Amino acid sequence: MVNLKVDDITDKEIENEESEPELEPESESEDGEEKPSTEPSKDAIYNSEALLEKLEDIAWPKKIDWTQKLTINHQQAEKIDVNDDLARELAFYTQALDSTRVALSKFEKLGMPFLRPQDYYAEMVKSDSHMLKIKDKLLFEKKKIEEAEERRKMRENKKIAKQVQAEKLREREKRKKDEIESVKKWRKQREREGFVKGEKGNEVFGFEDGEDEVYDKVRKKRPGVAPGDRSGGKNKGKSKARERRDSKFGFGGRKALKKQNTAETTNDFRGFNKGEMGGNKKRKRF
Amino acid sequence: MGKGKKRKQAEALQAAAAAKKAQSSAPIRPARTLTGWRDAEEGMEAEAEAQVPFRNREKVLVTCSRRINFRYRHLMLNLVSLLPHSKKDSKVESKETKAATLNDLIDLRSCSSCLFFECRKAKDLYLWMVKSPGGPSVKFLVNAVHTMEELKLTGNHLKGSRPLLSFSTNFDDSPHWKLLKEMFTQIFGTPKEHRKSKPFHDHVFVFSIVDDHVWFRNYQISVPHNETDKIDKGGLDKMTLIEVGPRFCLNPIKIFGGSFGGPTLYENPFYVSPNQIRALEKKKKASKYVTKVKAKTRRKIHEMENALVPDEFADLWKED
């Protein structure tokens, strides 16, 4: 065991009664590691008489105004654990808050101004540029938190969306299967009944009443490939500007197709000049 | 003002001498005030006060030693900006005759107290809080330093406004805490009609004793208000405190009777110097290897003393 050495042991009066209450083992909050010995040095000097004498020497006269000193005493709550940062800071904060309340009420009674008016501009203890830095940091932290929240929400939504999507797909498959089954059944039924003819001599089909929304919806969402398209379904479609330029400046493949005699090209009058301004204006234009 | 100081010193010496002669059985001693002697009668006191109203003429000299760390230098500069009644001086050479140099310096700058930041080994900061001529002096070890430049301390207040000082009641428990409280009040409190002081009170200093250390905090008071001397009914509840900084924790080491020296009045029994702590840590680490070596030799001796019985089946699988 290593004993603590006292630097100068000048023999003054040692008041043991005063030093007794100090002898609680203290936890060194500086390093947080084992102290060499838990007993404090017993021969620490404590000269309370001289201390009080010195206090009298330096003290200000007792009857001066409170406004000269501005001190407030605050009763501390129970034992504060030094190592628990949050509790300690909270204790300091409450001490400050209570003291300020007391002080403010005193000021109000004295009728003295104590709060800074909004238009009082003076030098502050931290410069404006420093406060800007602080503001930036605060905004940055806020943004970080918000982004984290958003990301979490996205993740949740994705999970849910995935589930919903899976459900939808399953439902669609089921419907498809059902419909195919129903067609097969209908065909079998027709076979069995020997292909009965309905009115007007047409075969009766079950799907002309417009109950086939699924088919229509699918057609609408995925427009089929144009008959003249030789790309094999890989072209996604071009913007109008692109198409205009293609048609104007020539673009081998597509233009060649235009020479075909299909339904589209028969009704295509783009090449013919519509509004010839040089002609007779009295004639009607279509 | 110099004459006043000399008079104080002389009177203090007189008083001390008188007290010593009279031993402990001298309860009635003419009490000293800043303005003169006060006897037990109240009349004299009132007269004295009426003649010279109390005026706080405190001036604090703030200096540091050479080879001070950047963090501690910023702490010192922060304190200079917090105390408008302070005067900053250039670095002081440490080593011998420190006390004499500093006392002379305080006298030269006509200050009544001093905050001296002594940095040792660029790691440990000691703060001397001294009341000049003949006043007591305290040496602290400073821990847990956070300066005002830290971005987490977001508050701000007027430079030079007078602070409210909040002490926890355990400052009244023992004489040495009482002395420290008085010294804090005088040094950290801005004098009332000081030239550089600003009129409003928008920050509060908090001194509290936790675990035999003095913790210092500085908060800005923010209250939604419209008038300067009244708060609305709900205003007090909406008051918030924002920390401005700096923050530090003081561990009192010794209190001396004179300035920068003199008879030791108080020693902290729990104080362990940082050097000792570091030395102990090193010893602990060194002892690991030593104990290992010792354990090895012990094992060897043990084995030699209790020889093993030769195993029957040792050569069972040995091939020839």
Side-chain angles (χ1 to χ4, degrees), chain A residues 4 8 10 22 26 28-31 35-36 40-41 44-48 50-52 54-61 63-64 67-76 80 82 88 92-93 95-97 99-101 103 108 111-117 122-126 131 133-134 137, chain B residues 12 31-34 49 54 56 81 131 135-136 143 148 151 154 156-159 162 164-170 175-176 178-179 182 185 189 192 198-202 204 206 208 210-212 215 217 219 221 223 225 228-231 236 239 241 257 264-267 269-270 272 277 280:
Chain A
L4 290 177
D8 30 319
T10 53
E22 317 273 335
E26 178 201 290
E28 284 277 339
S29 49
E30 310 162 2
D31 300 276
K35 276 183 19 137
S41 54
I45 298 174
Y46 199 114
N47 192 346
S48 51
L51 285 169
L52 290 169
K54 277 290 165 184
L55 180 57
E56 288 280 330
D57 282 351
I58 61 168
W60 289 335
K63 293 287 179 70
I64 57 173
T67 53
Q68 295 276 351
K69 283 202 295 188
L70 291 182
T71 58
I72 301 122
N73 295 321
H74 174 264
Q75 175 67 37
Q76 233 178 37
I80 303 170
V82 197
R88 191 185 65 213
F92 297 150
Y93 187 86
Q95 175 173 348
L97 205 58
S99 311
T100 323
R101 290 220 174 99
E108 276 195 85
M112 294 179 53
F114 57 88
L115 294 170
R116 185 160 51 98
E123 190 183 355
M124 306 290 267
V125 99
K126 291 188 191 174
M131 295 312 284
K133 269 194 244 172
I134 291 177
K137 181 115 195 287
Chain B
R32 249 194 71 255
T33 63
L34 279 176
E49 281 220 351
F54 173 72
N56 185 355
S81 68
K131 293 288 292 173
N143 301 334
M148 280 199 307
L151 291 178
T154 52
N156 202 355
H157 64 261
L158 283 174
K159 183 166 183 174
R162 294 188 66 209
L164 303 171
L165 303 167
S166 161
F167 293 94
S168 60
T169 44
N170 37 15
H176 70 282
K178 281 190 206 159
L179 182 62
E182 189 62 33
T185 316
K192 191 165 177 207
K198 301 274 178 358
F200 305 106
H201 306 269
D202 55 359
V204 51
V206 175
S208 54
V210 178
D211 193 28
D212 283 337
W215 298 79
R217 296 283 184 273
Y219 294 100
I221 303 168
V223 178
H225 65 277
T228 57
D229 49 359
K230 273 197 287 265
I231 316 182
L236 265 180
M239 176 164 70
L241 297 174
T264 312
L265 302 181
Y266 166 77
E267 251 185 87
F270 301 103
V272 184
I277 298 178
L280 286 164

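This one's a predicted model, so the numbers in the text were calculated from it and none came from an experiment. We name chains A, B, ... by the order of the sequence lines, and we start the count at 1 in each one.
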* **Proximity breakdown for B:Y219 and chain A, heavy-atom pairs closer than 4.5 Å** => side chain
* Structure fact -> Distance col, row B:L164:CG vs A:I72:CD1, nearest 0.5 angstrom, shows 5.0 Å
* For B:T169, what residues pass the side chain to side chain contact (heavy atoms under 4.5 Å, CB included) criterion, not counting sequence neighbours? -> A:N73, A:Q75
* Structure fact -> The reported gap from OG in B:S166 to CD in A:Q95 (rounded to nearest 0.5 angstrom) is 3.5 Å
* From B:K198 NZ over to A:M124 CE, what is the distance, rounded to the nearest 0.5 angstrom? -> 10.0 Å
* Asked: For chain B, which of A:K69, A:K137, A:K133, A:R88 has the most heavy-atom pairs under 4.5 Å?
  -> A:R88
* Asked: For the candidates B:S81, B:S208, B:G189, B:P199, which exhibits the highest count of non-hydrogen atom pairs separated by less than 4.5 Å from chain A?
  -> B:S208
* Structure fact -> Most contact-rich option vs chain A, by heavy-atom pairs under 4.5 angstrom, among B:L151, B:N156, B:V206, is B:N156
* List in chain and number order the residues that pass salt bridge (charged side-chain N to carboxylate O under 4.0 Å, His left out) with B:K131, two or more places apart in sequence or in another chain; answer none if no residue qualifies. => B:E58
* Drop me the distance from B:H201's NE2 to A:T100's OG1, to the nearest 0.5 angstrom. => 12.5 Å
* Is it the side chain or the backbone of A:A103 that comes within 4.5 Å of chain B heavy atoms, both, or neither? -> side chain
* Side chain, backbone, both or neither of B:I221 within contact of chain A (heavy atoms, under 4.5 Å) -> side chain
* To do: With a 4.5 Å cut-off on heavy-atom pairs, point out which of B:V210, B:L158, B:T185, B:N170 contacts chain A the most.
  => B:L158
* To do: Would you mind telling me which of B:E182, B:H157, B:K178 has the largest number of heavy-atom pairs within less than 4.5 Å of chain A?
  => B:H157
